[in-house]
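Here is the structure we will look at.
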Amino acid sequence: MNDEQRALVERIFQQNHIHFQRISFHIVKSEEAAEDVVSTAFLKIMDNIEKISDLSCPQITAFCVTIVKNASIDVLRQLQKSVPIDYLDNISDESTDDIADECIRNADVHRLTEVIDQLDSDERQFIYLRYTLEMGYREIGKLLNISEDAAKKRGQRLVRKLRKLRIYGSTLIQKMQT
């Protein structure tokens, strides 16, 4: 990392580490695990600092929050091999309405858990960007360093994958098709 990137990581840490720890704690329900998650998340942030440095300030925070949430869910999976249903309600913090909350309201909770377990972190990130942050394909493309058409195609593939996972009746799928 160059000095500018190092300064950006330090700024992100100073401004957000307490917020990130709170988000993680709501998911993992353990202070120690939340601290570990935030440490792991900052390693991932450093790995992605080139992408992050090209983003605007609100996008930087959103991208980093996604990393923290995904790392928290990964820790839960490692500890318990599946995400208990009562943890899903706590995935989003008060300021964002997470895609999991939408699914819980509109789909069978047991099936939702199975579907979430089958998605990889990139797919979860794409869902978060597209449907929670309501980013357009152009914005997602810029964030992921791909073209708008590639982002749109990735979204279409994700919809097909979810269909294969047999959640046809979900409002989530209907929302994704629009």
Side-chain angles (χ1 to χ4, degrees), residues 1-84 86-101 103 113 115-135 137 139-147 150-151 154-155 157-158 161:
M1 288 191 308
N2 62 36
D3 290 339
E4 186 178 307
Q5 292 171 333
R6 192 171 294 119
L8 178 59
V9 171
E10 289 176 15
R11 190 182 72 201
I12 292 169
F13 180 81
Q14 292 298 324
Q15 293 175 350
N16 297 298
H17 77 279
I18 294 171
H19 178 65
F20 293 165
Q21 192 162 349
R22 184 175 54 86
I23 290 169
S24 181
F25 177 77
H26 284 297
I27 297 169
V28 298
K29 303 292 187 193
S30 163
E31 284 291 329
E32 296 82 20
E35 290 173 7
D36 290 343
V37 165
V38 172
S39 297
T40 301
F42 270 97
L43 291 175
K44 290 179 182 179
I45 289 168
M46 286 187 274
D47 288 343
N48 290 292
I49 195 63
E50 288 181 19
K51 289 180 189 176
I52 293 171
S53 61
D54 293 335
L55 301 174
S56 66
C57 213
Q59 289 176 325
I60 289 173
T61 303
F63 188 85
C64 294
V65 166
T66 300
I67 290 173
V68 170
K69 287 181 179 185
N70 289 340
S72 299
I73 292 170
D74 290 344
V75 165
L76 278 180
R77 286 191 181 123
Q78 289 171 355
L79 293 174
Q80 301 173 345
K81 298 294 181 195
S82 66
V83 180
D86 51 324
Y87 285 120
L88 292 176
D89 288 332
N90 297 316
I91 288 175
S92 65
D93 62 11
E94 300 81 34
S95 65
T96 62
D97 185 18
D98 198 351
I99 195 74
D101 292 332
C103 292
T113 303
V115 170
I116 289 174
D117 285 342
Q118 293 175 25
L119 296 177
D120 65 31
S121 63
D122 290 338
E123 292 167 332
R124 289 190 312 262
Q125 178 184 8
F126 190 92
I127 287 173
Y128 181 79
L129 294 172
R130 179 77 175 123
Y131 303 105
T132 301
L133 299 181
E134 297 180 351
M135 293 175 76
Y137 290 118
E139 294 171 298
I140 293 171
K142 285 180 184 177
L143 183 68
L144 300 177
N145 289 329
I146 59 176
S147 69
R154 193 174 289 183
R157 287 184 185 135
L158 186 54
K161 181 175 184 174

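Since we're looking at a predicted model, the values are computed, not measured. Any value given below was found using the heavy atoms of this structure, including those in side chains, with hydrogens, waters and symmetry copies removed.
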So, for [X] and [Y], which heavy atoms are closest and what is the spacing to 0.1 Å?
X	Y	result
Q21	A34	O-CB, 3.8 Å
M135	L143	CE-CD2, 4.3 Å
S147	A150	OG-N, 3.0 Å

Distance in Å, [X] [atom1] paired with [Y] [atom2], rounded so as to fall on 0.5 Å steps:
X	Y	atom1	atom2	value
T61	F20	OG1	CZ	6.0 Å
K69	H26	NZ	NE2	10.5 Å
Q5	I45	CD	CD1	13.5 Å
K44	D74	NZ	CG	5.0 Å
F63	L144	CZ	CG	7.0 Å
E139	L55	CD	CG	10.5 Å

(request) Inspect the surroundings of CD1 in I18 and state if more than 12 heavy atoms from other residues, nucleotides or ligands are less than 6.0 Å away. (result) no

(request) State, with a plain yes or no, whether a side-chain heavy atom of R154 is found less than 4.5 Å away from one of I140. (result) no

(request) Using a 4.5 Å cut-off on heavy atoms from C-beta on, say whether the side chain of V65 contacts that of I23. (result) yes

(request) Determine yes or no for a side-chain-to-main-chain donor-acceptor pair under 3.5 angstrom, with E35 supplying the side chain and E32 the backbone. (result) no

(request) Check whether any side-chain N or O of S72 sits under 3.5 Å from a backbone N or O of V68 as a donor-acceptor pair, and report yes or no. (result)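 Yes; at least one donor-acceptor contact below 3.5 Å.
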
(request) Start with the C-alpha gap between L8 and I60, add the side-chain angles, then the distance that decides, and say whether side chain to side chain contact (heavy atoms under 4.5 Å, CB included) holds. (result) CA-CA 10 Å; L8 178 59; I60 289 173; 4.3 Å; yes

(request) Would you list the pairs meeting side chain to side chain donor-acceptor pair (under 3.5 Å) in which at least one residue belongs to residues 45-57, sequence neighbours left out? (result) S56-Q59

What residues, two or more places apart in sequence or in another chain, satisfy side chain to side chain donor-acceptor pair (under 3.5 Å) together with [X]?
X	value
D3	R6
E4	none
S39	none

(request) With sequence neighbours left out, write down each residue that passes side-chain contact (heavy atoms from CB on, under 4.5 Å) with A7, or none if nothing qualifies. (result)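 Expected list: none.
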
Name each donor-acceptor pair under 3.5 Å that joins a side chain in residues 9-17 to protein atoms two or more places apart or in another chain, with its distance.
unit_1	atom_1	unit_2	atom_2	d
N16	ND2	I12	O	3.2
H17	ND1	F13	O	2.8

